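A quick write-up on the structure given underneath.
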Amino acid sequence: MKDRIEFEGVTFRYQEDAPPVLKDVDFFIEKGEWVAIIGHNGSGKSTIAKLMNGLLFAENGKVSVDGMSVNPESVWEIRKKVGMVFQNPDNQFVGTTVRDDIAFGMENQGVPREEMVEKVAGSLRDVQMETYENHEPHRLSGGQKQRVAIAGVLAIAPDYMLLDEATAMLDPKGRQEILKTVRDVQEKSNMSLVTITHDLREIVAADRVIVMNKGEVWFEGTPREVFAHKDSLSFIGLDVPFVAKLTEEMKQYGVSFRKEPLNHEEMVEELWNLHSTK
């Protein structure tokens with residue numbers, strides 16, 4: 001189907017005699033949608049990202065992007081549509097300066113120099129790094145490196161951006177800044193966003209969440225629907241955020257909520273509403 005990434009009965013294993021990492025997986029991601037894919041280590045979520053980008057190919061079933069099957073023949077076209085930001089940005093830097101690094105992908109695509117200069121400047125503005133054009137990427141802070149890595153993907157204007165544990169090496173403040181940057185860019189460009197993570201705090205702003213467990217889709221729904229399964233999430237190895245734990249504890253003492261709070265702000269609002277009605 002056009003205008004979506006689709007997995008249809010996808011099975012994958014890294015070695016022929018090994019158990020499958022993914023087992024008959026089905027899901028889709030629409031254009032303009034933010035989908036978070038979460039799961040504990042070994043659940044198959046990072047394998048999904050590599051299958052979307054053509055770094056791996058399905059053993060059985062079909063992965064398609066905008067109706068185009070992901071295979072060795074289509075992989076370069078696929079990568080124009082699907083950009084990927086990895087956990088460690090140092091692994092994807094190739095230029096000696098920020099400007100050179102962002103230009104690299106466009107050079108490979110034969111983008112004219114005038115257009116390239118404009119896109120480098122625009123993508124750096126999008127991630128608030130316009131004053132770092134001539135800096136060496138490896139001398140930047142962790143958060144700055146991720147912004148540059150994101151700018152490099154934005155410059156080639158993909159329809160889909162994958163962040164594979166891209167905030168895992170950042171502190172909480174840096175993590176929130178990167179997620180806000182990506183969300184702002186996504187809303188402005190109507191680009192689809194796929195975030196791969198094991199951190200439930202990162203799914204709050206997503207439109208939809210796919211929970212993986214042991215290579216299978218365990219649950220799919222909105223962030224609020226996911227947080228309503230706190231006990232089950234803990235059982236499959238995911239660390240439930242403090243707000244969700246506090247909500248459950250307060251329910252044990254008879255406090256009822258109109259809706260499941262997703263963050264501290266919603267928790268305060270719910271408690272204020274409860275106080276106001278007494």
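The structure presented is a predicted model; accordingly, all values stated were derived computationally and were not measured.
In this structure, Gln15 places its CD atom where only 12 or fewer heavy-atom neighbours from other residues, nucleotides or ligands lie under 6.0 Å away. The environment of Lys230 atom NZ is dense: over 12 non-hydrogen atoms of other residues, nucleotides or ligands sit within 6.0 angstrom. Within a 6.0 Å sphere centred on CZ of Phe104, other residues, nucleotides and ligands contribute 12 heavy atoms or fewer.
Contact check on Glu177 versus Lys180 returns no salt bridge, with no Lys/Arg side-chain nitrogen under 4.0 Å from an Asp/Glu carboxylate oxygen.
By the ring pair (Phe, Tyr, Trp, His ring centres under 6.0 Å) test, Phe86 is found to be paired with no residue, residues two or more places apart in sequence or in another chain being considered.
Between the side chain of Glu33 and the backbone N or O of Leu193 there is no donor-acceptor pair closer than 3.5 Å. Of the possible donor and acceptor atoms, one in the side chain of Asn53 sits under 3.5 Å from a partner among the backbone N and O of Val82. In this structure, Glu202 contributes its side chain and Asp199 its backbone to no donor-acceptor pair below 3.5 Å. Between the side chain of Glu6 and the main chain of Ser64, no donor-acceptor pair closer than 3.5 Å is present.
Legend: salt bridge (charged side-chain N to carboxylate O under 4.0 Å, His left out) pairs involving residues 106-117, not counting sequence neighbours, sorted by first then second residue: Glu115-Lys119. Residue pairs meeting the salt bridge (charged side-chain N to carboxylate O under 4.0 Å, His left out) criterion with at least one partner in residues 92-101, sequence neighbours excluded, are Arg99-Glu133.
Among Leu162, Ile196, Leu56, the one residue that satisfies the side chain to side chain contact (heavy atoms under 4.5 Å, CB included) test with Lys50 is Leu56.
When only modelled atom types and interatomic distance are considered, Asp164 and Ser46 share a side-chain donor-acceptor pair under 3.5 Å.
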Please assess Glu165 against Lys45 for the test salt bridge (Lys or Arg N to Asp or Glu O under 4.0 Å), listing each intermediate value before the final yes or no.
CA-CA 10 Å; Glu165 299 277 12; Lys45 60 187 186 301; 3.7 Å; yes
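Cation-pi check for Arg208 over Phe28 is met; the charged atom lies under 6.0 angstrom from the ring centroid and within 45 degrees of its normal.
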